[in-house]
Amino acid sequence: MSAVAAQRGADTSEEPEGPRQRRAWDTSWVPRVAGIVAYVAGLLNLASAITPPERSRLTALRDVIPGAVSSVATAATVSAGVLLLLLAKGLRRRKRRAWRAAVALLAASVALHVIKGLDVEEAVVAFVCLVGLVVTRKEFRAVSDRSSRWTAVAALLGLLALDLIVGILLLETTDMVRGNTGTWAYFETVLRGLVGLNGPIHAVSHRRDDSIGDTLVALGALTAVVTAYLALRPSEPRPHLSHDDEERMRALLAKQGRRDSLGYFALRRDKSVIWSPTGKACIAYRVLSGVMLASGDPLGDPEAWPGAINAFLDEADRHAWTPAVMACSEQGGEAWARAGLDALELGDEAIIDVEDFSLEGRAMRNVRQAVARVERAGYSCEVTRIGALGEQRKRELRAQAAAWRGAETERGFSMALGRFGDPEDGRCVGVLAMQEGRMRAFLHFVPWGDDGLSLDLMRRDRDAENGLNELLIVSALQAAPSLGVTRVSLNFAVFRSALERGERIGAGFVLRGWRGLLLFASRWFQIESLYKFNAKFRPVWEPRFVCYPSASHLPRIAIAALEAEAFLVLPSLSRTRRPGS
């Protein structure tokens with residue numbers, strides 16, 4: 001057994017097996033059914049408003065309800081239907097705000113169905129749905145982020161102001177029949193037009209009048225949809241790592257940092273942190289697309305992990321976020337599984353035991369030849385602690401890293417620190433490749449306990465010779481003993497075992513098909529290339545897992561993970577700038 005594997009085994013501590021605590025995402029079917037019911041009710045509202053009412057019903061209403069009131073009710077029914085469709089997702093996610101809005105809309109729908117044409121059947125359906133929501137109100141307890149509420153209010157006011165300006169300009173630039181030219185007549189015409197009703201001001205041309213009406217209705221629909229979306233979207237609180245949290249996390253890393261090679265990456269400042277009741281463990285996370293996403297194992301004493309995990313899951317439950325963990329170790333996966341999540345092997349981490357590493361032998365021939373070729377081209381490497389570099393040199397490295405970056409957005413979440421040269425990160429290690437006094441590439445490692453390093457950043461000049469990355473890795477490994485380093489973690493290889501088993505003789509149809517799909521995805525994501533590069537150094541492969549509530553949540557978790565790693569950049573009105581980008 002290698003020193004790395006032995007250390008991993010020695011670090012494993014037993015925890016008492018406790019009862020699995022069932023959470024809202026796997027205990028209740030009510031929110032899912034409520035979402036479907038709201039969707040159906042919304043479609044019924046739209047259908048009943050669009051379908052011409054029966055003449056007998058209208059005849060019965062004409063004696064008691066003016067036609068204008070019936071028209072208003074029809075327009076309001078359309079609006080209620082659209083909003084119910086938008087509320088369906090919020091109900092499925094157990095949002096208390098969505099429940100309140102749905103109850104109000106269903107209550108209004110009951111009255112509107114009667115007023116617009118004695119639609120008793122639709123009114124009964126809406127009433128039954130209303131009763132069902134009231135009876136099951138305790139199921140809808142997820143809180144909403146206050147910032148999204150005020151964003152929705154601001155958007156509503158801003159869009160209404162824009163609608164009024166556009167509507168008044170349309171009226172002013174058109175030949176109109178103005179029975180009332182007062183200021184309020186303009187406002188009344190535009191506001192009524194937003195919900196599909198006529199106002200006191202009309203165009204001379206019927207075609208032009210219809211065109212203005214359609215424009216106002218479109219503006220009203222846009223305003224309603226945008227406001228509802230902002231009010232009901234999954235909240236993404238701005239991630240923040242306070243100075244106090246960072247200091248406490250560094251104290252945990254000083255005591256327990258040897259356990260997980262990804263531990264130092266929890267110090268990214270675009271993450272939030274949640275603590276166990278005792279303060280002996282914590283979990284760093286971000287919320288993206290409604291997913292509360294953690295990475296690696298919890299920091300701190302494994303005996304305190306259950307407290308941190310329960311706090312994490314309680315927070316996710318309170319906000320109706322989907323909890324998920326990326327790239328945790330086997331020990332971490334077992335801890336999350338005891339708390340109720342499922343685990344799936346995501347890939348393997350390449351770990352090199354410095355003492356066992358050598359360039360000798362047939363297996364290392366390709367690496368040995370690549371290193372020799374690059375050295376003959378005049379390249380040499382300097383390995384140093386980042387704290388030993390001057391500020392000017394750090395600024396130059398930051399500028400060069402930005403220039404060599406392949407994408408505008410800095411990628412990384414699970415295995416990326418997101419910054420370089422911070423005064424607090426003096427124990428990080430840099431490997432600089434020089435050619436004739438000019439820097440052509442460099443690596444950046446973060447500490448892994450007191451005797452390990454974990455690869456953070458790998459940048460190179462695109463015009464540099466092939467094999468330069470091999471020289472950088474070999475130089476780091478050769479200089480490791482002088483830095484007191486005994487183990488080095490390289491990149492994470494996603495689905496490595498599937499790629500390896502799928503190319504063996506006798507691999508089955510399913511395994512070969514899965515490997516073929518991964519190779520196809522490698523055209524856009526560095527799946528196969530990372531695996532093959534890491535495999536050159538004959539590492540020890542340590543499995544990493546993704547933890548999730550159920551298989552139905554995996555698509556959303558995959559989107560959140562791609563967004564966190566910046567492989568998928570979704571448009572946003574106010575996106576937080578990523579550190580280092």
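These numbers were taken from a predicted model, which means no experiment stands behind them.
- Using a 4.5 Å heavy-atom cutoff, the side chains of R496 and R544 are not in contact.
- With hydrogens and angles ignored, the 3.5 Å screen pairs no side-chain donor or acceptor of D317 with any backbone N or O of L313.
- Residues F545 and M326 have side chains not in contact (no heavy-atom distance under 4.5 Å, counting atoms from C-beta outward).
- For the pair F312 and A324, the tightest heavy-atom approach, listed with the atom from each and the gap, is CZ-O, 4.1 Å.
- Judged purely by atom type and a 3.5 angstrom limit, S489 has no side-chain atom pairing as donor or acceptor with the backbone of S261.
- The shortest side-chain heavy-atom distance between R286 and S295 does not fall under the 4.5 Å cut-off.
- Taking the six-membered ring where tryptophan is involved, the planes of F537 and F357 are tilted, since the angle between them lies from 30° to 60°.
- I386 has its side chain out of reach of V429: every pair of non-hydrogen atoms, C-beta onward, lies at least 4.5 Å apart.
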Q: Apply side chain to side chain contact (heavy atoms under 4.5 Å, CB included) to the pair L457 and L443, showing each step before the final yes or no.
A: CA-CA 6 Å; L457 196 64; L443 302 183; over 6 Å; no

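- The residues R258 and D451 are annotated as salt-bridged, a charged nitrogen and a carboxylate oxygen being separated by less than 4.0 angstrom.
- A donor-acceptor pair shorter than 3.5 Å can be found between the side chains of R250 and Y264.
- Between atom CZ of residue R338 and atom CD of residue E334 there is a gap of 6.0 Å, rounded to the nearest 0.5 Å.
- A centroid separation of less than 6.0 Å is found between the aromatic rings of F442 and F420.
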Q: Before giving the answer on side chain to side chain contact (heavy atoms under 4.5 Å, CB included), spell out for V287 and W321 the whole-Å C-alpha distance, their side-chain angles and the decisive distance to 0.1 Å.
A: CA-CA 8 Å; V287 179; W321 295 327; 3.8 Å; yes

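- Judged purely by distance below 3.5 Å, without hydrogens or angles, the side chains of D348 and Y531 never pair a donor atom with an acceptor atom.
- Looking only at distances, a side-chain donor or acceptor of W305 sits under 3.5 Å from a matching main-chain atom of G300.
- Remark: the backbone N or O of V134 is paired with a side-chain donor or acceptor of R137 at under 3.5 angstrom.
- Between S329 and D297 there is a side-chain heavy-atom pair separated by less than 4.5 Å.
- Within the 3.5 Å criterion, the main-chain N or O of A441 finds no donor-acceptor partner in the side chain of R460.
- The shortest heavy-atom contact between M249 and C282 is CG-SG, 3.8 Å.
- Formation of a donor-acceptor pair under 3.5 Å by the D245 side chain with backbone atoms of L241 is not found in this model.
- Rounded to the nearest 0.5 Å, atoms CD1 (I557) and CD1 (I559) are 10.5 Å apart.
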Q: Evaluate the criterion side chain to side chain contact (heavy atoms under 4.5 Å, CB included) for residue pair R419 and D425; output intermediate values, then yes/no.
A: CA-CA 9 Å; R419 61 180 183 267; D425 301 323; 2.7 Å; yes

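- Checked by atom type and distance alone, the side chain of T136 never pairs as donor or acceptor with a backbone atom of E139 at under 3.5 Å.
- Between the CG atom in L133 and the CZ atom in R100 there is a gap of 13.5 Å [rounded to 0.5 Å].
- Minimum interatomic distance between A343 and C547 (heavy atoms only, all atoms of both residues): CB-SG, 4.1 Å.
- Using a 4.0 Å cut-off between charged side-chain N and carboxylate O, D422 and R269 make a salt bridge.
- Looking at T322 and M292, their side chains never come closer than 4.5 Å, going by heavy atoms from C-beta outward.
- Of all the heavy atoms in V325 and G296, the pair that sits closest is CG1-O, 3.6 Å.
- Interatomic distance, D301 CG to L252 CG, rounded to the nearest 0.5 Å: 9.5 Å.
- Within the 4.5 Å cutoff, no side-chain heavy atoms of I473 are placed close to those of V431.
- No side-chain heavy atom of K271 sits under 4.5 Å from any side-chain heavy atom of Y285.
- Under a 3.5 Å cut-off, the side chain of R385 and the backbone N or O of L483 do form a donor-acceptor pair.
- Summarising the geometry of S454 relative to F265, their closest heavy-atom pair is OG-CE1, 3.6 Å, with the distance given to 0.1 Å.
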Q) After noting the C-alpha distance and the side-chain angles of E563 and S289, does the key distance pass the side chain to side chain donor-acceptor pair (under 3.5 Å) rule? A) CA-CA 9 Å; E563 188 179 355; S289 300; 2.9 Å; yes

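- The structure places CZ of R393 at 8.5 Å from OG1 of T384, a figure rounded to the nearest 0.5 Å.
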Q: Just do the side chain to side chain contact (heavy atoms under 4.5 Å, CB included) check on V488 and L455 with the steps written out, would you?
A: CA-CA 8 Å; V488 175; L455 181 60; 6.0 Å; no

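- Annotation for Q400: atom CD counts as buried by contact number, over 12 foreign heavy atoms lying within 6.0 Å.
- Counting all heavy atoms, side chain and backbone alike, C428 lies closest to H444 at CB-NE2, 3.4 Å.
- Both the sub-6.0 Å distance and the 45° axial angle are satisfied by R487 relative to the ring of W448.
- Shown here are the side chain to side chain donor-acceptor pair (under 3.5 Å) partners of K255, two or more places apart in sequence or in another chain: there are none.
- With hydrogens and angles disregarded, no donor-acceptor distance shorter than 3.5 Å links the side chain of D456 to the backbone of F445.
- Here the straight-line distance linking atom NE2 of H553 with atom CG of L341 works out to 10.0 Å at 0.5 Å rounding.
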